[in-house]
Structures are given as C-alpha cells and as structure tokens.
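Scroll down for the structure; my scribbles are underneath it.
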Amino acid sequence: MAARRTAAAGSGGDTESSPLDAFVPLDELMPWSVRPLRTGRAWVSGPDPVALRARWERLAGADAAEQERLFAPTRSRTPHTSVAALPGQSTGTARFAREPGPCPDPVRILHGPYDEQWLLPDHRLIDAARPELWRVADGQQLFAVEHSSTPEDAGPALSVAALLPDGHSPAGRPGRIRPLHRRPGGTEPNLAPGLLDLLRGRLGGNGGAEPDAFTPEAVLAWILAAARPSASGVLVPLPADGALWSQGVALGRELLRLQSRGARGGERPRLPGGRRPYVRAAIPARPTELSYDAEEEALIVGDGRISPVPAEAWEFTVGGVRVLELWFGRRAAAAAGRGPEGAAADGLDAVGARGWPREWTSELLELITVLALLDGTAGPRKELRAALGAGPLIGPAELRAAGVLPVPASARRPASVLGHQEEGPEGQFALL
C-alpha cells in the first residue's frame, strides 16, 4: 500500500504519494557509468595468476595455425588485431601474431561481487576492456557496481570495490560500473553537480551531521547503505534529516570497509575471537564437492574441513546464487583444468592447472569472514530502511527545483585527460 509522505511548508521534504516516487535513480546521482568488461575469451582471466602466465607462454610460443586456434578469435580480437595499450599498463601494441612481447603481470580484479581474480591486462586479448575505467583506476578510486536486476530478497542492489571490477553478475545479467571519481587522484567526483552543496546546506545544520558526512566518499557510503533494486534500476532515498543521514553514512562506511576488505586505509575484516574460521583438516589438491554441516558449523571442502563457519555466511546470496558455492566451483574447475563453469576445457583453459594453491585457502577464510560480517549488518540496514519509510525525503522534485537535476550531458561522459599520452596501435601516441 502506498504511504503518503508529508512535510511542513518550507521544509523541502518530498510529498509524492508513492515512496518510490520520492527515491532518486542512481543514474541521476552518479551520472557517469560504464558498461561491464567483455573479455571475449575465458582464458585471459581466472583465480590463479600462475596459470595465466602459463597460458600466455603457450600462446606466444605456438605456430601460426595453433596460435589462431588457441587464441579463440572473435570479431573484435584476433592474433592480428592491433590496438592501443591499456592505460597504465606496459603491454605491446603490435599485432600479437607478429610480436607478442613478454607476459604482462596479471592484475587483481573483482569478478562479480566478492570474487577477487586475476586478468592479463593486454588490450590485444580483451574484446572490450573499457579503457576509460583503467584511466581512473588508482589508489583513491572506488567503483560501484549495480545489481539492478536483483530482487530485494536475493541480495544487495549494488556493491563497491577498490579493485577494478569486471561488472560480472552471478545472475547472468552484468551491471553498469560507476566510478566515484571522474579523474585520477580522487578528483572531480562522479556526482550530480551541486548535489554535495545541496546536501550540506539541507542536512549540515539539521540533526547535527558532521562536516565529513558530505564528502564524495560519504555520499557513496550512503548509497551503499540505502540503495534499493527496482525493475527500472537502482533507486536511492535521500533523507531530509541530518541525524538519519549520519547514521546511514556510518553504516555505509562499514559496508564499504567490508566489501573492499580494508582497502583505502581501513582495517581488514576480522571476526571476534572464538568465531574466526580455521582449517581443521587440509583441503585436498583437487576438491570436487562443497557442503555445509549446520550442526558443526563446518564447511566441508572435499576431504578438508573449515570451522566455525556461520550459517549466514553459507547462505549468503547475490542474485539468488550462493556466493561460497560459486566461488568454490570456479576454483575447483581451475584446479582440475576445466573451464570456468566446470565443463571440459578446450584450448588454453586447461593450461596451468596446479591443484589447490595455499593462497586460495587464505582467500576462502577471508571470504567467509566478509560474508559473516556483512550479514551482521542486516539489522542496522533494516532499521535504516524503517526510518526512511517514516520520515520525509529529499526527492527528485526538490533536486529539480535546486537545479541539481537534470544533470548536464557532459556529466554522463568520461572526463578528458588532456596532455596525457598513451601508446596507440603499432606504437603510435595520441593525446586524450
């Protein structure tokens, strides 16, 4: 049932009759967005960087006919394609078939929510690498990734990453990527022009919100805490109360710390003593099954055993997909030299399998910790949602009246990087 929101004259609270009418589309608040990466071939990314190097060496050393087959050509990329280098990456720009060059160092990326993997950062191998994202990916950047097709009972509306995300979705529909900053160095926030000033003016003296509650990072934290999925995209309620804003920002900063695993100066997630997961029985080299013993709070990985593992971590889903099962399935396939989805590998996907490295066990323990702590924020998130349902909001009508909306077309395009040289095809340079 639609609840009518009212506000005193001059308060600026939105008065639309439907709660969703008073929410603001994320597309208006963070107007610049980029489509997900599209690799075009599975073998350029994966959970094991050692395997990626082995694949490169196999491909680079193959004769012409074998190289063509192993490469898995598409309309966008073949061994004979010449393209510009990825920003910030020292890789070749000559045709791969003629001059592959040395193997680039694999870079850490986020492959869907909560799955940190590796990628060969060579533009000649990736169909759509989205160079505009690589230009702004640095130590100050944060990326919001939408899960707009996710039902409200199947997981969060979006996630935030310090790593470059590929935008992959476990549910099969990738989401758009929204950088927090439009330029390197944490400059020029990707926010609707005038939004920060409006929030500071409306909420800074209303309820005692602190000055640091109106930084670009604070707005992103609020969005992370309050955003909701809908059929039309991610929606964000903006409160007309400063105390509620501060409450949501504090919650969002904790969510950000957990999702980014302590990046950007935060503490790495840790469960309290006595609840931290440990390996009780070693994980075998090529585990094929994953199960959960609810009575013992134990995760069974082949013949291996990890406990305690809270049931909430085991049941944690995104897009209706259980995160731990998906994470394990990808690594079990890689350990056995199978394709990413477990099918029999063909070509380079089978190259480099070396069983279950020790690093994966450490990553699994941290993932369990992150999921358990994220589930622990369910109560505060529910309280925030209830408070938003009871109070007035700053809705689209007020943003339009203040000139914040509609956002200018330029805010939806990447910022230019004048005077910055990048290597183009065949070693040429261009100004961007």
_Are Arg268 and Glu366 packed together at the side-chain level, in the sense that at least one heavy-atom pair is separated by less than 4.5 angstrom?_
yes
*asked:* So does Ala298 get a backbone contact from the side chain of Arg305, meaning a donor-acceptor N/O pair under 3.5 Å?
replied: no
*asked:* Ignoring hydrogens and geometry beyond distance, is a side-chain donor-acceptor pair present between Ser230 and Ser232 at under 3.5 Å?
replied: yes
*Any Leu271 side-chain heavy atom under 4.5 Å of Pro277 side chain*: yes
*Mind checking what makes side-chain hydrogen bond (donor to acceptor under 3.5 Å, both in side chains) contact with Arg276, not counting sequence neighbours?*
none
*Is any side-chain heavy atom of Leu393 closer than 4.5 Å to a side-chain heavy atom of Leu238?*
no
*Between Ala129 and Leu37, which heavy-atom pair has the shortest distance, and what is it?*
O-CG, 3.7 Å
*Value rounded to 0.5 Å, distance of CH2 in Trp356 from CG in Leu364*: 6.0 Å
*Does the side chain of Arg41 reach to within under 4.5 Å of the side chain of Asp127, using non-hydrogen atoms?*
yes
_Any side-chain to backbone donor/acceptor pair from Arg286 onto Ala335? Under 3.5 Å, distance only._
yes
*For atom CZ of Arg35, decide whether the heavy atoms of other residues, nucleotides or ligands shown that lie under 6.0 angstrom number more than 12.*
no
_Arg183 side chain vs Ser416 backbone, donor-acceptor pair below 3.5 Å_ = yes
*Would you say the side chain of Val301 lies within less than 4.5 Å of the side chain of Leu290, judging by non-hydrogen atoms?*
yes
*asked:* Salt bridge or not between Arg257 and Glu254? Use side-chain N to carboxylate O under 4.0 Å.
replied: yes
*asked:* Does Arg53 form a side-chain contact (heavy atoms from CB on, under 4.5 Å) with Asp105? I'd like the steps, not just the answer.
replied: CA-CA 8 Å; Arg53 291 182 180 278; Asp105 291 332; 2.8 Å; yes
*Taking the side chain as every heavy atom from C-beta outward, state whether Pro179 and Trp32 have any atom pair closer than 4.5 Å.*
yes
_Strictly below 4.0 Å, N to O, side chains only: are Arg331 and Asp115 in salt-bridge contact?_
yes
*Is any side-chain N of the basic residue among Arg176 and Asp27 closer than 4.0 Å to the acidic one's carboxylate O?*
no
*Do Phe143 and Leu163 touch side chain to side chain, with heavy atoms closer than 4.5 Å?*
no
_Candidate pair Asn190 and Leu180, rule side-chain contact (heavy atoms from CB on, under 4.5 Å), full reasoning_ = CA-CA 5 Å; Asn190 179 26; Leu180 177 58; 5.8 Å; no
*asked:* So does Asp166 get a backbone contact from the side chain of Arg130, meaning a donor-acceptor N/O pair under 3.5 Å?
replied: no
*Checking salt bridge (charged side-chain N to carboxylate O under 4.0 Å, His left out) for the pair Arg264/Glu217: CA distance, chi angles, key distance, verdict?*
CA-CA 11 Å; Arg264 308 297 180 261; Glu217 291 78 8; over 6 Å; no
*Counting N and O atoms only, with roles assigned by atom type, does the side chain of Thr78 sit under 3.5 Å from a partner on the main chain of Arg75, one being a donor and the other an acceptor?*
no
*How far does CG of Leu220 sit from CG of Leu224, to the nearest 0.5 angstrom?*
6.5 Å
*Pair Leu374-Gln259, side-chain contact (heavy atoms from CB on, under 4.5 Å): steps then yes or no*: CA-CA 8 Å; Leu374 283 172; Gln259 291 192 10; 4.1 Å; yes
*What residue pairs, at least two apart or across chains, pass ring-ring contact (aromatic ring centres under 6.0 Å, His included) with a residue in residues 304-326?*
Tyr114-Phe316, Tyr292-Trp314
*May I ask you to say whether Arg412 pairs ionically with Glu28, meaning some side-chain N is under 4.0 Å from a carboxylate O?*
yes
*Between atom CG of Leu299 and atom CZ of Arg280, what is the distance when rounded to the nearest 0.5 Å?*
12.5 Å
_Other residues, nucleotides, ligands: >12 heavy atoms within 6.0 Å of Asp303 CG_ = no
*May I ask you to decide if Pro184's main-chain N or O and Gln141's side chain share a donor-acceptor pair within less than 3.5 Å?*
no
*Any side-chain heavy-atom pair from Arg38 and Ser76 closer than 4.5 angstrom?*
yes
*Can you measure from CG (Leu371) to CD (Glu315) and round to the nearest 0.5 angstrom?*
11.5 Å
*Donor-acceptor pair, side chain of Ser82 and main chain of Thr93, under 3.5 angstrom*: yes
*In Å and rounded to the nearest 0.5 Å, what is the CD to CG distance from Glu295 to Asp293?*
6.5 Å
*Verdict with reasoning, Val107 to Leu164, per side-chain contact (heavy atoms from CB on, under 4.5 Å)*: CA-CA 9 Å; Val107 297; Leu164 180 73; over 6 Å; no
*Without swapping roles, check the side chain of His123 against the backbone of Ala84 for a donor-acceptor pair under 3.5 Å.*
yes
*Looking only at heavy atoms, what is the nearest atom pair of Pro239 and Leu244, with distance?*
CB-CD2, 3.9 Å
*Taking NZ, NE, NH1 and NH2 as the nitrogens, is one of them in Arg261 or Glu363 under 4.0 Å from a carboxylate oxygen of the other?*
no
*Do you know the tightest heavy-atom contact between Val318 and Pro113?*
CG1-CG, 3.7 Å
*Pro284 versus Gly302, closest heavy-atom pair with distance*: CG-CA, 4.3 Å
*Over 60° means perpendicular and under 30° means parallel, so classify the ring planes of Phe214 and Trp245, tilted if in between.*
parallel
*Please report the closest heavy-atom contact between Ser45 and Leu52, naming both atoms and the distance.*
C-CD2, 3.8 Å
_Just verifying a value: how many Å separate Ile368 CD1 and Leu373 CG, rounded to the nearest 0.5 Å?_
12.0 Å
*Considering residues, nucleotides and ligands other than Arg270, do more than 12 of their heavy atoms fall under 6.0 Å from its CZ?*
no
*Please confirm whether the backbone N or O of Asp349 pairs with a side-chain atom of Arg55, one donor and one acceptor, at under 3.5 Å?*
yes
*Distance-only polar pair, side chains of Thr81 and Arg77, donor-acceptor under 3.5 Å*: no
_Exercise: identify the closest heavy-atom pair between Leu158 and His147_ = CA-CD2, 3.4 Å
*asked:* Treating Trp360 as the side-chain partner and Pro47 as the backbone partner, does any N or O pair qualify as donor plus acceptor under 3.5 Å?
replied: yes
